[in-house]
Amino acid sequence: MIEYVENKEIIARRIARFFASGDVVNLGIGLPTMVGNFVPEGVTVILQSENGMMGLGPAPEKGKEDPMLVNAGGMPVSILPGGCFFDSAMSFGIIRGGHVDYTVLGVLEVDQDGNLANYKIPGKMVPGMGGAMDLVAGSKKVIAATTHLEKSGSSKLKHRCSLPLTAAHEVDIVVTDVGYFTVKDGKFRLEEYFAPYTPEWIVEHTGADVVVAPGCKEFK
Amino acid sequence: MIEYVENKEIIARRIARFFASGDVVNLGIGLPTMVGNFVPEGVTVILQSENGMMGLGPAPEKGKEDPMLVNAGGMPVSILPGGCFFDSAMSFGIIRGGHVDYTVLGVLEVDQDGNLANYKIPGKMVPGMGGAMDLVAGSKKVIAATTHLEKSGSSKLKHRCSLPLTAAHEVDIVVTDVGYFTVKDGKFRLEEYFAPYTPEWIVEHTGADVVVAPGCKEFK
Amino acid sequence: MIQKPIISAAEAAAKIKPGDVVHVGGFLGCGSPDAIIAAIVSAGVDGLTLVCNDTGIYNEAKGVSNGPAPLVQAKAFKTMIVSHIGTNPETQRQMNSGESEVVLVPQGTLAERIRAAGNGLGGVLTPTGVGTEVEEGKRKLTLKGKDYLLEEALSGDVAIIKAKKADKAGNLVYAKTARNFNPLMATACGTVIVEAEEIVEVGAIDPDQVHTPSIFVDFIVQAE
Amino acid sequence: MIQKPIISAAEAAAKIKPGDVVHVGGFLGCGSPDAIIAAIVSAGVDGLTLVCNDTGIYNEAKGVSNGPAPLVQAKAFKTMIVSHIGTNPETQRQMNSGESEVVLVPQGTLAERIRAAGNGLGGVLTPTGVGTEVEEGKRKLTLKGKDYLLEEALSGDVAIIKAKKADKAGNLVYAKTARNFNPLMATACGTVIVEAEEIVEVGAIDPDQVHTPSIFVDFIVQAE
């Protein structure tokens with residue numbers, strides 16, 4: 001019997017492999033930010049931050065933070081050579097205009113029609129959508145990054161989202177800590193599985209329709 | 001008997017008196033450009049040029065022209081200290097957004113409902129509207145600058161424009177070489193007359209409904 | 001070039017009247033006009049409508065209260081039109097208790113609505129929010145087979161913004177990610193007050209490098 | 001940062017295929033990508049649609065032919081979407097003879113339509129053109145008692161633009177009034193080719209002073 005253990009690193013590591021040199025990528029707060037640490041040697045991606053910069057670099061050393069240079073989570077960052085700053089209209093022009101290749105963001109729920117919910121639990125928690133609705137509607141590819149199961153054991157992948165949507169039919173790829181799925185024809189399609197999980201286990205432990213892709217293989 | 005003699009200078013001189021210090025003004029090609037030469041001592045206006053600058057200065061000396069620094073007519077100009085450059089979206093954002101106090105432009109026809117035609121004589125001459133439609137729709141006050149009569153002797157001020165309109169109901173002030181008019185309640189209202197013309201002569205020689213304002217006086 | 005009055009933060013605060021719609025620059029406190037915000041708190045104006053990216057970061061334990069958070073704390077706002085309130089639990093409390101109204105707007109839509117107001121556009125058509133609660137009460141138009149929401153211009157009575165540098169005529173330059181909504185708000189409000197870290201002579205800024213043209217700015221405050 | 005290929009004007013011209021919609025930067029020849037335009041004339045491409053502020057200045061007597069005028073002369077355009085043709089009698093001749101189609105668009109509307117395409121907006125609502133021939137065939141909407149025309153996004157296959165300075169990653173800075181439509185077109189086309197007066201190393205441009213972010217630019221041509 002396989003026991004589920006949350007593993008955020010595998011999610012970040014798998015997502016980082018999607019990128020090719022030159023891709024413009026927006027990483028959401030939290031887990032998605034980790035993706036930046038796993039981009040393979042030799043691949044140069046350009047990180048965009050929706051508060052108004054391109055060419056996001058690593059966090060500065062302690063004591064060298066610049067209060068005028070932060071990411072969309074308000075945390076100190078740096079800028080790489082060739083990066084630049086712009087206002088919020090240009091920032092979302094870039095996002096909405098399809099100039100971002102990948103947006104990676106966390107979810108509360110994601111469903112087999114590519115719907116995503118991550119900004120509101122009515123009556124409980126309403127952080128607001130911030131830039132997420134634009135990012136999901138505008139980016140060329142949307143990658144949802146999430147642990148596969150809630151602490152309660154229920155699936156984050158749903159037949160149908162029950163929470164207010166951040167965007168409808170926009171999610172292309174879902175990467176959890178058990179496998180990588182595409183969203184196709186109203187189903188999750190398992191493209192790769194992460195050991196020790198097996199396709200059978202994954203189909204059984206996903207609260208949505210999952211088909212196993214013909215070429216589905218283990219990710220290493 | 002008063003004989004009509006074209007006099008562009010009086011038009012430019014009268015228009016220049018409307019401005020107060022700090023006003024943002026756009027002067028069209030041709031006659032309107034002359035207005036800049038008659039702004040009274042002590043009044044500082046800020047000239048905007050719709051090709052992308054604020055703080056337009058005089059033409060440079062011969063031999064000192066910069067091909068990257070021209071006005072909306074493509075003629076070499078200079079920039080005053082405190083001026084700045086911007087792109088066409090910002091330029092027309094300024095214009096359409098009501099940040100230009102006065103636009104001064106030439107006309108083919110102007111009528112008593114404040115309609116203006118200056119971009120097209122169908123089948124004959126079609127220069128295009130360029131920035132004129134935005135300037136007329138967006139500026140706080142629109143001043144039409146025109147000689148009073150055509151070479152043929154017919155009035156440039158009409159009951160109703162017959163040419164395709166540049167904008168409907170947007171003209172506030174008309175200054176010709178016989179007087180200064182406001183457009184009110186579907187009529188031209190004569191506010192000032194320029195000697196040797198008299199209000200009687202003007203009413204008679206205008207192809208539109210003209211009322212003489214109660215306080216109408218001679219401009220000196 | 002006409003110079004703009006240099007006023008104190010308290011004088012700036014006095015230009016804001018109860019009931020005004022106030023645009024506040026900044027993003028989670030980065031690029032916020034902090035001295036003017038503090039002065040408005042002191043002046044005790046209320047019944048305001050806030051237009052801002054967020055309501056700042058408020059963390060009592062860490063002693064952080066930035067962006068518009070001090071004004072939220074002072075209950076200055078009747079309505080808050082923002083994209084994000086997740087970093088200010090007091091905003092969420094006021095919303096849940098009904099003390100104030102919070103209108104959530106997607107960040108890119110907020111930027112375009114402010115820009116539209118400043119640029120004389122009635123609104124824009126955006127795909128953002130189609131198929132979500134953001135659609136509610138809005139016109140939806142289909143162009144070339146794609147659905148868009150009509151998002152209307154959002155103007156304000158007063159904008160309080162932050163710049164790195166202002167010349168005395170009001171030309172502005174912003175620093176790094178402190179630019180964000182500041183240049184957009186500068187175009188969209190009846191009265192525009194900039195809090196500048198540095199005030200320089202007219203002509204000291206390269207005219208190719210001005211982010212906000214002087215004509216948008218009415219008053220300048222020296223940042224502390 | 002990824003560097004962009006530096007190509008010749010002839011290689012740039014070869015990226016334009018018959019029938020393409022081509023955005024050409026510049027305003028009456030100021031800020032036009034002249035070397036690329038000359039190379040397209042040499043390449044002899046036709047059936048193009050032009051999107052530009054104007055069709056340049058053409059004056060045979062004075063020997064002036066700037067902006068897109070050499071391409072008009074070469075009959076490269078089937079359609080020209082521009083705001084002004086008053087300085088090019090050849091454009092007017094082609095229009096009157098039916099050799100080419102000219103679509104006149106108000107200058108500010110042209111700017112917003114190009115920006116909308118690059119910014120993922122379906123269109124904008126503008127008051128410009130209400131009550132004129134520009135209304136024809138367009139949706140008119142009334143918001144808060146004011147009429148607006150719905151003007152749709154205008155994208156292109158290729159943009160050819162001119163900059164003062166490009167770094168090797170493609171970040172651009174424009175000079176003075178040569179900026180005009182160039183930064184807007186950079187956002188709105190599938191392939192973007194910049195003709196730069198000066199090509200500098202990555203990192204040589206202050207990141208606060210970049211007018212067009214590198215990601216918009218595909219190819220760089222050294223201006224002659």
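In what follows, chains carry the letters A, B, and so on, assigned in the order in which the sequence lines appear, proteins first and then strands, with residues in each chain numbered from 1. The basis for the numbers below is simple: all heavy atoms, side chains too, and nothing from hydrogens, waters or symmetry mates.
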Checklist entry - Taking all non-hydrogen atoms of both residues, which atom of D:His211 and which atom of A:Met90 are closest, and how far apart? => result O-CE, 4.3 Å
Checklist entry - If you draw a 6.0 Å radius around NZ in D:Lys176, do more than 12 non-hydrogen atoms from other residues or ligands fall strictly inside? => result no
Checklist entry - Quick one: what part of A:Ala137 sits under 4.5 Å from any heavy atom of chain D, side chain, backbone, both or neither? => result neither
Item to check | Distance, nearest 0.5 Å, that separates CZ of D:Phe216 from CE of A:Met54 | outcome: 6.5 Å
Next on the checklist: If I measure from the heavy atoms of chain A, does D:Asn171 come under 4.5 Å with its side chain, its backbone, both, or neither?
Outcome noted: side chain
Item to check | Most contacts with chain A, counted as non-hydrogen pairs under 4.5 angstrom, among D:Asp167, D:Thr187, D:Ile215, D:Ile205 | outcome: D:Ile215
Item to check | Distance (rounded to the nearest 0.5 Å) between A:Ile46 CD1 and D:Ile2 CD1 | outcome: 6.0 Å
Item to check | Donor-acceptor contact below 3.5 Å, side chain A:His99 vs main chain D:Gly118 | outcome: yes
Next on the checklist: A quick test of your reading: do over 12 heavy atoms of other residues, nucleotides or ligands sit less than 6.0 Å from NZ of D:Lys4?
Outcome noted: yes
Item to check | Distance, nearest 0.5 Å, that separates CZ of A:Phe92 from CG of D:Leu121 | outcome: 12.5 Å
Next on the checklist: Counting only heavy atoms not in D:Lys140 (residues, nucleotides, ligands), do more than 12 fall under 6.0 Å from its NZ?
Outcome noted: yes
Checklist entry - So, for A:Gly82 and D:Ser214, which heavy atoms are closest and what is the spacing to 0.1 Å? => result O-OG, 4.3 Å
Checklist entry - What do you reckon, is CE of A:Met125 surrounded by more than 12 foreign heavy atoms closer than 6.0 Å? => result yes
Checklist entry - Is the number of heavy atoms from other residues, nucleotides or ligands within 6.0 Å of NZ (D:Lys138) greater than 12? => result yes
Checklist entry - Got a second to check how far A:Cys84's SG is from D:Leu172's CG, nearest 0.5 Å? => result 10.0 Å
